[in-house]
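Fair warning: this is a prediction, and the values are worked out from it, not measured in the lab. Because only heavy atoms are used, hydrogens play no part in the values below, and waters and symmetry mates are left out as well, while side chains stay in.
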Amino acid sequence: MNEMKRLLSPLLGLGITFGALFLQAPQIYVCLRKKSVEGLAPMSIYASSLSPLLYCLYSFRKGNEIHTWAENLILLAQNMVLVVLLWIY
């Protein structure tokens, strides 16, 4: 049973991190294709960027292993792309 837990835990972490890659991707794709951010609420994008930013800073400062907070780093990067698109369009 312990062997299964040891194998399953990293696989689940990898799956969550991989899934995070596609969380904001459809929104980014539509904004780039239409060259418009119509329908996006700027405050919502800014607010949704704050939580992953703070979590990444905290985890980095505490010396946590990156695989424990990589999904938040990916979410932060995607949100920053949306922020830049807000500023451009």
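With sequence neighbours left out, Y58 forms a side-chain hydrogen bond (donor to acceptor under 3.5 Å, both in side chains) with no residue at all. Among residues two or more places apart in sequence or in another chain, the side-chain hydrogen bond (donor to acceptor under 3.5 Å, both in side chains) test is passed with E65 by H67.
Its side chain within the 4.5 Å cluster rule, F22 clusters with F18, L21, I74 among the Ile, Leu, Val, Met, Phe, Trp and Tyr residues. Hydrophobic cluster membership of L50, counting Ile, Leu, Val, Met, Phe, Trp and Tyr whose side-chain heavy atoms lie under 4.5 Å apart directly or via other members: L54. Under a 4.5 Å side-chain heavy-atom criterion applied to ILVMFWY residues, the cluster that includes L75 comprises L23 as well. Apart from W69 itself, the hydrophobic cluster it occupies contains Y55, F60, I66, L73, where clustering links Ile, Leu, Val, Met, Phe, Trp and Tyr at side-chain heavy-atom distances under 4.5 Å.
Between the side chain of Q78 and the backbone N or O of A20, at least one donor-acceptor pair lies under 3.5 Å. Side-chain atoms of T17 come within 3.5 Å of backbone atoms of G13 as a donor-acceptor pair (strictly under, hydrogens ignored).
Among pairs with a residue in residues 1-27, those fulfilling salt bridge (charged side-chain N to carboxylate O under 4.0 Å, His left out) read E3-R6, at least two apart in sequence or across chains. For the side chain to side chain donor-acceptor pair (under 3.5 Å) condition, the pairs that include at least one residue of residues 27-47, sequence neighbours left out, are Y46-W87.
Transitive grouping of hydrophobic side chains (ILVMFWY, heavy atoms separated by less than 4.5 Å) brings L53 and M80 into a common cluster. Linking Ile, Leu, Val, Met, Phe, Trp and Tyr whenever their side-chain heavy atoms come within less than 4.5 Å puts I88 and L32 in one cluster.
The OG1 atom of T68 sits 11.5 Å away from the CD1 atom of I16 when rounded to the nearest 0.5 Å. Atom CD1 of residue I45 and atom CG of residue L40 lie 5.0 Å apart, to the nearest 0.5 angstrom.
Here the closest non-hydrogen pair linking C31 and L82 is SG-CD2, 4.5 Å. The two atoms that bring L76 and S49 nearest to each other are CD1-O, 3.6 Å, heavy atoms only. Here the closest heavy-atom approach between residue L7 and residue L11 is recorded as O-CG, 3.4 Å.
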(request) Step by step, work out the side-chain contact (heavy atoms from CB on, under 4.5 Å) result for V81 and Q24. (result) CA-CA 9 Å; V81 169; Q24 298 288 358; over 6 Å; no
